*Asks:* 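Okay, handing you the structure first.
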2 protein chains.
Amino acid sequence: MEVKTAVTALAALAQESRLSIFRLLVPAGRVGMPAGEIAEALDIPPATLTFHLKELTYAGLIDSQREGRSIRYSIREEGVCELFTYLLLDCCNGQPELCGGSCGPKNRRGKR
Amino acid sequence: MEVKTAVTALAALAQESRLSIFRLLVPAGRVGMPAGEIAEALDIPPATLTFHLKELTYAGLIDSQREGRSIRYSIREEGVCELFTYLLLDCCNGQPELCGGSCGPKNRRGKR
DNA sequence: TCCATAATTCCATAATATTAAAAATGTCGT
DNA sequence: ACGACATTTTTAATATTATGGAATTATGGA
């Protein structure tokens, strides 16, 4: 993954509605959620939601599939994985205390 | 960490210059790098660099410390860690195949 | 104090993103 | 084919962010 791809993906997540959409879709897994349900859950008008869904799609973070009159959106695991790998491995390799689960207990100084 | 904080941090990284600054600072570790050196390494004019450094600082991703006439910037581990934890644990918990190192070999279908 | 260096603030401009109403499109049941 | 519903496209106003030149502030040495 190159910088521009990562920037696109990060930009897609760097917006409250879109981050909420993303976080709503993660637990929905492969099953995903129809647009209308997302709109209702997050109280976003349809035209606005479509705009954000397109951004996420363009960034490779979600997928969609028509199902009757609804369109069902779901997390695109491959894209999410690539981004996280880029951040975790390419950025943080050699600095595992930045990311490695524990969040560096030895880094916590004077914070109790 | 709440959504707005995460959005601020993601937005800070969602820009090519800033992501490059971030990636330049990670291997520099706690030692960090003076602004001038960053400007030279990435070929960014001083005024522009300052703007981006402020964004990253505001987002809690980097720290700074004056050292003689230079100001030395370095990764703020705590902030980075919080963001990654938010994305990895809060988002991906229960969906470890999204993030867990392996990037789900069993998810790769028909892509060879 | 005066100079050179390092970085920031100020400012105007340009570029990009967000929002949502209105119209259009696609899909199903009848 | 028609009507009801789900979603998208178009469009335009509004807001936010990026850029870099010029002036300013901070620091250390002579």
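Note on naming: letters A, B, ... go to the chains in the order of the sequence lines (proteins, then strands), and numbering restarts at 1 for each one. Quick caveat: nothing in here was measured; it's all calculated off a predicted structure.
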*Asks:* Note the angle between the end axes of the helix from C/dT1-D/dA30 to C/dT30-D/dA1, five pairs defining each, rounded to 10 degrees.
*Replies:* 30°

*Asks:* At under 4.0 Å, does any side-chain N or O of B/Lys54 touch on OP1 or OP2 of C/dT9?
*Replies:* yes

*Asks:* Would you kindly confirm whether B/Val3 and B/Leu87 end up in one hydrophobic cluster when ILVMFWY residues are joined by side chain heavy atoms under 4.5 Å apart?
*Replies:* yes

*Asks:* Report yes or no: does B/Arg76 contribute a side-chain atom to a donor-acceptor pair with the main-chain N or O of B/Asp63 at less than 3.5 Å?
*Replies:* no

*Asks:* Please give, in whole Å, the distance from D/dT16 P to B/Lys4 NZ?
*Replies:* 12 Å

*Asks:* Measure the distance from CD1 on A/Ile21 to C1' on C/dT18 and round it to the nearest whole Å.
*Replies:* 13 Å

*Asks:* Tell me the interatomic distance from B/Tyr58, atom OH, to D/dA18, atom P, rounded to whole angstroms.
*Replies:* 14 Å

*Asks:* Please classify the nucleic acid contact of B/Arg18 as base, sugar-phosphate, or nothing, using heavy-atom distances under 4.0 Å.
*Replies:* sugar-phosphate

*Asks:* How far does CG of B/Leu49 sit from NZ of B/Lys54, to the nearest 0.5 angstrom?
*Replies:* 12.0 Å

*Asks:* Flag yes if A/Phe51 and A/Leu42 sit in one hydrophobic cluster, no otherwise; membership is Ile, Leu, Val, Met, Phe, Trp, Tyr, and two members link when side-chain heavy atoms are under 4.5 Å apart.
*Replies:* no

*Asks:* Hey, does the side chain of A/Glu67 reach the backbone of A/Ser70 with a donor-acceptor pair shorter than 3.5 angstrom?
*Replies:* no

*Asks:* Looking at A/Val31, is its backbone amide N or carbonyl O close enough to the side chain of A/Arg72 to form a donor-acceptor pair, meaning the two atoms are under 3.5 Å apart?
*Replies:* yes

*Asks:* Quick check for you: among C/dT9, D/dT8, C/dT19, whose closest atom lies nearest to any side-chain atom of A/Ile71?
*Replies:* D/dT8

*Asks:* Name the residue closer to the 5' end of DNA chain C, choosing between A/Glu55 and B/Leu49 according to the nucleotide with the nearest heavy atom.
*Replies:* B/Leu49

*Asks:* Whole angstroms only, please: what is the CD-C1' distance between B/Glu40 and C/dT5?
*Replies:* 14 Å

*Asks:* Are B/Val80 and B/Phe22 side-chain neighbours, meaning at least one heavy-atom pair lies under 4.5 Å?
*Replies:* yes

*Asks:* What nucleic acid atoms does B/Pro46 come within less than 4.0 Å of, heavy atoms only: base, sugar-phosphate, or nothing?
*Replies:* base

*Asks:* Side-chain N or O of B/Gln15 less than 4.0 angstrom from OP1 or OP2 on C/dT16?
*Replies:* no

*Asks:* Among the candidates D/dA22, C/dT18, D/dT7, find the nucleotide nearest to the side-chain atoms of B/Ala47.
*Replies:* D/dA22

*Asks:* How many whole angstroms separate atom CZ of A/Phe51 from atom P of C/dA17?
*Replies:* 8 Å

*Asks:* In this structure, how many angstroms lie between the C1' atom of D/dT7 and the CD atom of A/Gln65, rounded?
*Replies:* 16 Å

*Asks:* Can you check whether B/His52 has a side-chain N or O nearer than 4.0 Å to OP1 or OP2 of D/dT19?
*Replies:* yes

*Asks:* Tell me the interatomic distance from A/Asp43, atom CG, to C/dA20, atom C1', rounded to whole angstroms.
*Replies:* 13 Å

*Asks:* Name the nucleic acid region contacted by B/Ser70, choosing base, sugar-phosphate or nothing; use a 4.0 angstrom heavy-atom cut-off, strictly under.
*Replies:* sugar-phosphate

*Asks:* Grab the two heavy atoms, one from B/Gly32 and one from B/Ser74, that are nearest each other, plus how far apart they are.
*Replies:* CA-CB, 3.7 Å

*Asks:* With a 4.5 Å limit on heavy-atom distance, are the side chains of B/Ile21 and B/His52 in contact?
*Replies:* yes

*Asks:* Picking from C/dA7, C/dT18, D/dT17, which would you name as closest to the side chain of B/Thr50?
*Replies:* C/dA7

*Asks:* Does a side-chain heavy-atom distance below 4.5 Å link A/Leu61 with A/Leu25?
*Replies:* no

*Asks:* Using whole Å, report how far CG of B/Leu56 lies from C1' of C/dT8.
*Replies:* 16 Å

*Asks:* Report all interatomic pairs (protein N or O, nucleotide N or O of nucleotides 27-30 of chain C) with separations under 3.5 Å.
*Replies:*
{"unit_1": "C/dT27", "atom_1": "OP1", "unit_2": "A/Arg66", "atom_2": "NE", "d": "3.3"}

